[in-house]
Amino acid sequence: RRFSWRRGARTSVCIMEGANPMKILYAASEANPFAKSGGLADVAGALPKALVKDGVDARVIMPLYGDLKFRDKLEYVTNYSVPVGWRSQYCGLFKAEVNGVTYYFLDNEYYFKRRGLYGFYDDGERFAFFSRAVLETLFYIDFTPDIINCNDWQTALVPVYLNLYYRHLDKFNRIKTIFTIHNIAYQGKYGTDILEDTCGIGHRDQHIVEYDGCANFMKGAFETADKITTVSPTYAQEILDPWFSYGLDALLREKQYKLCGILNGIDMEANNPATDPHIAFNYDVNNFEEGKAKCKEALQDRFGLNKDGSPVFAMVSRMVGMKGFDLVQSVADGLVDRGIELVILGSGESQYENFFSDLCGRHPGRVGTYIGFEPTLSQEIYAGADAFIMPSKSEPCGLAQMVACRYGTASHHPRDRRSARLHPRLHPRRGQRLHLRGLQRPRAVRCLLPRTGPLLQQGRLEQPYQVRHGVRLQLGCLCQEL
């Protein structure tokens, strides 16, 4: 296999030449369009699709959840046993092909036939099984990856198991592993008693996963993965700071030689207001004002809001303090009193779910709240809102901001909570005049909203960072380092 390097406007791009393309197995706990709870699913659905377009043989492997979408399109392949500690568990293998990408689904009803993806008492055991099953699956499919890209703590044990139990086998001895941190706050921390009994990691090797007196799955990936990546270059720098690292800064500084940040992107085809079938009216730069007005009216109808010309501010996010819901909670009544309508979509901590449900009851016609996550509704919100607010304390990438910008909705981030990772997402491309970064500066609402339309029209609704740039960066990084 031969690699050539082509110098582009933004970066060096590695192009694979020869008959055999690079093979990448993307291991994730969720992926669009089959299962989604957050931004990981968006990336797992968009990145392999873009890699395939660049000539890479990229495939995705994920659990077969009980409420998985498009179950009727799955094709049964085989079944086998997966060691889980001292016992073996059944694993069924299914597959499907979407947009040229092959998806593998690992079935075990005891672990995955449940309502929801996470938040169960045995999540550690569930995803230890999944991580081991990812490697066992390679014995039963005609596909040996060059790279396994693992994502977040749910797949963090894949490189651990690979090094402990599979590396000596011919099929596995040349496989490299990438571990991508989407959110370092969730590390997969459990008591050390699960390591031998549940994870099958003996006492001699437990130091690989142990950290700060407990079992930390993410720490195990840091120790054993060939490369550690994050979803943006600035996030790779900030997690070296104790304020943002949730206790892992010292370890990451030791592993800094294999840490890099690669900027995420969005799927510009799936997030396209000109063709999106889920919004009330399709629009582009030529009919932007008409389209936004009709989508806003439809959004107000959906939530029963008043149509009195008030600006609509929206949030689509997990309801946790890290996403800034504590700040929104403290000013929500004041925003409504000043004539702003609020639309909130998400689920999470009960204190925020209860508050915003109550806020909706106290301000009928001014506040709309949907507890849960509905992908089609999120698209309606992106298209219909006047402004998208992101007061996050820490925002690893900011995919929601990119999608909002794609739909012509200004993204506003308070100065005192502006996350460094939100800055590079809205930089203008070469030759374009677009000052969306100015919309992040604190200013009165009356000054913010009138400027939204003209600014976004200049940007032609195409300013967000496309996933294809991230793909080329990732390919270049992987080829150079591995």
Side-chain angles (χ1 to χ4, degrees), residues 25 27-30 37 61-66 78-93 104-140 148 150-169 171-172 175 177 179 181 183-225 228 246-248 251:
L25 183 63
S29 57
E30 56 184 84
S37 71
I61 189 165
M62 62 177 290
L64 200 164
Y65 296 106
T78 186
N79 68 83
Y80 42 91
S81 295
V82 174
V84 183
W86 51 268
R87 60 204 178 282
S88 294
Q89 291 279 22
Y90 165 88
C91 182
L93 177 63
Y104 295 107
F105 302 89
L106 304 184
D107 175 43
N108 182 290
E109 293 189 353
Y110 172 72
Y111 289 128
F112 300 123
K113 192 176 182 180
R114 310 179 187 185
R115 188 175 183 83
L117 310 187
Y118 319 118
F120 301 98
Y121 73 96
D122 59 345
D123 275 356
E125 181 178 347
R126 295 171 71 220
F127 290 104
F129 163 81
F130 175 65
S131 296
R132 191 72 183 261
V134 167
L135 297 169
E136 288 290 327
T137 299
L138 299 182
F139 290 113
Y140 300 92
I148 301 178
C150 308
N151 295 270
D152 274 348
W153 74 266
Q154 292 91 345
T155 56
L157 292 183
V158 171
V160 177
Y161 287 141
L162 175 63
N163 285 7
L164 290 180
Y165 305 123
Y166 298 88
R167 183 66 75 184
H168 64 284
L169 302 174
K171 187 178 181 69
F172 297 87
I175 295 177
T177 53
F179 180 72
I181 307 169
N183 194 329
I184 202 170
Y186 303 99
Q187 301 172 7
K189 297 170 70 173
Y190 299 94
T192 56
D193 55 303
I194 77 164
L195 290 177
E196 188 163 7
D197 180 67
T198 301
C199 301
I201 300 176
H203 182 74
R204 184 190 64 181
D205 302 312
Q206 289 184 7
H207 67 279
I208 298 173
V209 186
E210 285 182 342
Y211 191 73
D212 198 23
C214 66
N216 189 312
F217 288 11
M218 189 173 282
K219 187 262 187 181
F222 291 171
E223 295 284 1
T224 54
I228 304 169
Y246 291 85
L248 292 177
L251 179 62

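Just so it is clear, the model here is predicted, and its values are computed rather than measured. What's counted below: heavy atoms across the whole structure, side chains too, no hydrogens, waters or symmetry copies.
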Any heavy-atom pair between the side chains of [Y] and [X] that's under 4.5 Å?
X    : Y    : value
N79  : L93  : no
I148 : I175 : yes
I208 : L164 : yes
Y104 : M62  : no
T78  : Y80  : yes
L138 : L25  : yes
V158 : S131 : yes
F179 : M218 : yes

If you take all heavy atoms of [X] and [Y], which pair is closest and at what distance?
X    : Y    : value
Y166 : R132 : OH-NE, 2.8 Å
Q187 : N216 : OE1-ND2, 2.8 Å
T192 : A215 : CG2-N, 3.8 Å
I61  : F130 : O-CZ, 3.7 Å
A133 : L106 : CB-CD1, 3.6 Å
L117 : S37  : CD1-CB, 4.0 Å

Would E223 and V160 count as a side-chain contact (heavy atoms from CB on, under 4.5 Å) here? Give the steps. CA-CA 8 Å; E223 295 284 1; V160 177; over 6 Å; no

Could you check whether the rings of [X] and [Y] sit parallel, tilted or perpendicular, using 30° and 60° as the cut-offs?
X    : Y    : answer
Y190 : F217 : tilted
F129 : F112 : tilted
F127 : Y118 : tilted

Please determine whether side-chain contact (heavy atoms from CB on, under 4.5 Å) holds for the pair L162 and T224, giving the CA-CA distance in whole Å, both sets of side-chain angles, and the decisive distance to 0.1 Å. CA-CA 9 Å; L162 175 63; T224 54; over 6 Å; no

Hey, mind stepping through I201 and V209 against side-chain contact (heavy atoms from CB on, under 4.5 Å) and telling me if it holds? CA-CA 9 Å; I201 300 176; V209 186; 3.8 Å; yes

Checking F222 against I181 for the side-chain contact (heavy atoms from CB on, under 4.5 Å) test, could you report, in this order, the C-alpha distance in whole Å, the side-chain angles of both residues, the deciding distance, and whether it holds? CA-CA 10 Å; F222 291 171; I181 307 169; 3.6 Å; yes

Take atom NZ in K113; do more than 12 heavy atoms of anything else shown fall under 6.0 Å from it?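 No - once you tally the heavy atoms of other residues, nucleotides and ligands closer than 6.0 Å, there are 12 at most.
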
Evaluate whether atom CG of D197 has more than 12 neighbouring non-hydrogen atoms of other residues, nucleotides or ligands under 6.0 angstrom away.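 Yes, because the 6.0 Å sphere around CG of D197 holds more than 12 heavy atoms from other groups.
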
Side-chain donor-acceptor pair present, Y161, E136, cut-off under 3.5 Å: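 No, because no side-chain N or O of Y161 sits under 3.5 Å from a partner of the opposite role on E136.
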
Q89 and Y111: side-chain donor and acceptor closer than 3.5 Å?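 Yes, Y111 and Q89 have a side-chain donor paired with an acceptor closer than 3.5 Å.
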
Under 3.5 Å: donor-acceptor pair, side chain of N108, backbone of Y90: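 Flag set: sc N108 to bb Y90 pair under 3.5 Å.
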
Using modelled atom types and a 3.5 Å cut-off, is there a donor and acceptor pairing between side-chain atoms of R167 and backbone atoms of F172?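 Such a contact is found between R167 side chain and F172 backbone.
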
What distance separates [X] [atom1] from [Y] [atom2], expressed to the nearest 0.5 Å?
X    : Y    : atom1 : atom2 : value
R204 : E196 : CZ    : CD    : 11.5 Å
D193 : C214 : CG    : SG    : 11.0 Å
N151 : N183 : CG    : CG    : 12.5 Å
H203 : D205 : NE2   : CG    : 10.0 Å
I184 : D152 : CD1   : CG    : 10.0 Å
L135 : L169 : CG    : CG    : 10.5 Å

